[in-house]
Amino acid sequence: VSDQLVVQSQSGPYTVTFKRGGLRDLDAAAGSGMHLIVDERVAALHAATLPRVLAAPSILRIAATESAKSLERFPGYVERLVANGIRRDHVIVAVGGGILQDIACFLAATLLRGLPWHFYPTTLLAQADSCIGSKSSINVGTIKNILGTFTPPTHVVIDSAVLGTLDDEAIRSGLGEMLKVHAIDGPASFDRIAADYDRIVGEPEVRAEYIYRSLEIKRRIIEADEFDRTIRRVMNYGHSFGHAIESATDFGIPHGIAVTIGMDMANYVATKLGVAPASIYERMHATLARNSAGFTGVAIPLDRLLAALSVDKKNTGRRLTLILPDRSGQIVIGQHENNEVLRAACEDYLSRRAAGGEHMTAGT
Ligand SMILES: NC(=O)c1ccc[n+]([C@@H]2O[C@H](COP(=O)([O-])OP(=O)(O)OC[C@H]3O[C@@H](n4cnc5c(N)ncnc54)[C@H](O)[C@@H]3O)[C@@H](O)[C@H]2O)c1
Ligand SMILES: [Zn+2]
């Protein structure tokens, strides 16, 4: 495993640097011309590593909530940055998870018609998945991720030390996206990460290796389709169901865990639609069930799930765009009738889950 990864983007190449102690280096460099946007919780937990960052002339500390990345909050951010003298030759530096990434990326894309931005991801989800790929997604009122741009960071620095303060739930949420990207890479890749599951949770060095691999797999896909028109859409595996689960539970399940359940559900539905054999669902089920185990008590109401699934923005006409495994276990994009078979498969999955997912098999 190397300590750098270069991503080719339409706006030029950018580098991901893996460096334990990377946040300490940022702190040593903090000063004028740099506008820091820092997760409040990270600022508090890592204050000893970030004294100069936290005393910098331009810093916004933001609590990572969904409303913080809502359009309504942007006038406040812009006024602060302008008052702090921001110019086009300055740089925005984000320290935090996916929410801080979205805020910084959107500001960097639009403020003064664009300026460079650096990202120090602090959650497993952001380190292993969202930090590359260029997307910003901003909420408007209650509409999630409706505004956005493709604006890659100029530089990403991954400091594994910062993950030490994440709780188990945040680790599993990140792991959900790592399992996803490995499943997309193919069955052998998924089996490999599944076999190392315990070591990824318990051993930071093994986790770091899989963060690198996850980004390598994602890089291949985004370099082929940066703007999400064709093959990058497979990255939404587990997400049609996952978003529907988040919506149906009023966001009672963290994103990466909802995606984990979403993949299991996608595999189950694929079996019932006859597009994939039951063996694929069965092969992956144990690992996916383990990763979402803490949330078996959260009920997912069928009617709300189906309603949310029907309004997914990937759909065309009356058919649903679903990303499901095929006969060989490859993850593929397809159009599927929004019919009784699909509804019955969802109902079946949810009632088996409610009855105790342990004994779930795809047989009828
Ligand atoms: N633009 C993209 O490509 C993209 C991709 C995926 C997700 N997202 C967005 O990202 C958000 C979810 O991101 P996320 O899961 O990375 O996290 P997050 O930014 O929502 O943070 C989750 C929680 O972890 C805390 N936290 C962050 N770093 C920590 C650390 N090192 N130690 C302890 N606590 C820490 C935060 O304060 C917050 O309470 C969603 O809004 C989602 O839409 C964007
Ligand atoms: Zn996701």
Side-chain angles (χ1 to χ4, degrees), residues 7 22-23 37-47 49-50 61-70 73 94-106 108-109 117 119-139 143-153 156 158-181 183-184 204 211 214-215 218 221-222 226-228 232-243 245-247 251 253-263 323:
V7 183
L23 276 175
I37 305 190
V38 182
D39 183 311
E40 188 147 84
R41 185 137 179 242
V42 175
L45 291 169
H46 297 274
T49 311
L50 300 168
R61 289 178 178 228
I62 299 176
T65 60
E66 279 296 320
S67 64
K69 59 169 234 185
S70 199
R73 295 282 294 276
V95 180
I99 291 185
L100 273 284
Q101 172 185 354
D102 278 335
I103 295 168
C105 184
F106 194 72
W117 73 288
F119 185 32
Y120 290 72
T122 64
T123 60
L124 182 58
L125 186 144
Q127 290 198 352
D129 182 33
S130 72
C131 69
I132 63 169
S134 321
K135 286 184 189 173
S136 65
S137 315
I138 294 303
N139 306 331
I143 314 168
K144 199 171 144 67
N145 291 345
I146 190 71
L147 290 188
T149 64
F150 286 100
T151 315
V156 180
I158 295 194
D159 181 350
S160 56
V162 76
L163 300 182
T165 50
L166 288 178
D167 59 22
D168 186 58
E169 202 172 283
I171 295 287
R172 278 167 212 281
S173 185
L175 256 161
E177 299 280 13
M178 293 165 79
L179 291 169
K180 176 202 75 179
V181 83
I184 291 166
I211 290 172
S214 298
L215 291 180
K218 180 170 177 180
I221 296 165
I222 60 179
E226 183 173 6
F227 300 123
D228 217 358
R232 183 171 176 180
R233 294 164 75 216
V234 299
M235 293 292 282
N236 281 308
Y237 175 47
H239 279 67
S240 299
F241 294 107
H243 287 145
I245 290 165
E246 287 181 286
S247 158
F251 296 88
I253 300 181
H255 177 72
I257 294 171
V259 169
T260 304
I261 303 169
M263 288 187 274
I323 293 130

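Predicted, not measured: the structure shown is a model, and the values here were computed from it. Counting starts at 1 for both ligands and their atoms, following the listed order.
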Q) Is Glu169 paired with Arg172 through a side-chain N to carboxylate O contact shorter than 4.0 Å? A)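 The answer is no: the pair does not qualify as a salt bridge.
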To the nearest 0.5 Å, what is the distance between [atom1] on [X] and [atom2] on [Y]?
{"X": "Ile99", "Y": "Glu66", "atom1": "CD1", "atom2": "CD", "result": "4.5 Å"}
{"X": "Ile132", "Y": "Glu226", "atom1": "CD1", "atom2": "CD", "result": "10.5 Å"}
{"X": "Ile222", "Y": "Phe227", "atom1": "CD1", "atom2": "CZ", "result": "11.0 Å"}

Q: Could you tell me whether atom 5 (C) of ligand 1 has a protein heavy atom closer than 4.0 Å?
A: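 Yes.
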Nitrogen or oxygen atoms of [X] and ligand 1 under 3.5 Å apart:
{"X": "Glu66", "answer": "yes"}
{"X": "Gln101", "answer": "no"}
{"X": "Ile99", "answer": "yes"}
{"X": "Ser136", "answer": "no"}
{"X": "Val42", "answer": "no"}

Do [X] and [Y] have side-chain heavy atoms sitting under 4.5 Å apart?
{"X": "Val95", "Y": "Leu100", "answer": "no"}
{"X": "Ser130", "Y": "Leu125", "answer": "yes"}
{"X": "Ile158", "Y": "Pro121", "answer": "yes"}
{"X": "Leu215", "Y": "Val156", "answer": "no"}
{"X": "Met235", "Y": "Asp129", "answer": "yes"}

Option whose closest heavy atom lies nearest to [atom], chosen from [options]:
{"atom": "atom 2 (C) of ligand 1", "options": "Gln127, His46, Lys135", "result": "Lys135"}
{"atom": "atom 21 (O) of ligand 1", "options": "Thr149, Val259, Thr123", "result": "Thr123"}
{"atom": "atom 42 (C) of ligand 1", "options": "Glu246, Lys69, His255, Arg41", "result": "Lys69"}
{"atom": "atom 31 (N) of ligand 1", "options": "Thr122, Asp167, Ile138", "result": "Thr122"}
{"atom": "atom 13 (O) of ligand 1", "options": "Pro121, Gly98, Ala63", "result": "Gly98"}
{"atom": "atom 26 (N) of ligand 1", "options": "Leu124, Asp39, Leu45", "result": "Asp39"}

Which of the numbered atoms in ligand 1 are under 4.0 angstrom from any heavy atom belonging to [X]?
{"X": "Gly97", "result": "16 (O), 19 (O)"}
{"X": "Thr165", "result": "30 (C), 31 (N), 32 (N), 33 (C)"}
{"X": "Asn145", "result": "43 (O)"}

Q) Taking Lys135 as the fixed residue, which of Asp228, Thr149, Thr151, Asn145 is the one that meets the side chain to side chain donor-acceptor pair (under 3.5 Å) rule? A)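 Answer after filtering Asp228, Thr149, Thr151, Asn145: Asp228.
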Side chain [X], main chain [Y], donor-acceptor under 3.5 Å:
{"X": "Lys69", "Y": "Ser137", "value": "yes"}
{"X": "Gln127", "Y": "Ile211", "value": "no"}
{"X": "Asp159", "Y": "Gly22", "value": "yes"}

Just need the protein heavy atom nearest to [atom], so name the residue and atom and give the distance.
{"atom": "atom 44 (C) of ligand 1", "value": "Asp102 OD2, 3.4 Å"}
{"atom": "atom 7 (C) of ligand 1", "value": "Leu125 CD2, 3.9 Å"}
{"atom": "atom 38 (C) of ligand 1", "value": "Ala64 CB, 3.8 Å"}
{"atom": "atom 35 (C) of ligand 1", "value": "Leu166 CD2, 3.7 Å"}

Q) At the Zn ion (ligand 2), what angle lies between atom NE2 of His239 and atom NE2 of His255, rounded to 10 degrees? A)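 That angle is 100°.
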Q: For ligand 1, indicate whether the residue Lys144 contacts it via side chain, backbone, both or neither (heavy-atom separation under 4.0 Å).
A: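 Contact part for Lys144 vs ligand 1: side chain (C-beta onward).
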Q: Verify the distance test for Glu177 against the Zn ion (ligand 2): any N/O/S atom under 2.8 Å, yes or no.
A: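 Yes, Glu177 qualifies, because one of its backbone or side-chain N, O or S atoms lies under 2.8 Å.
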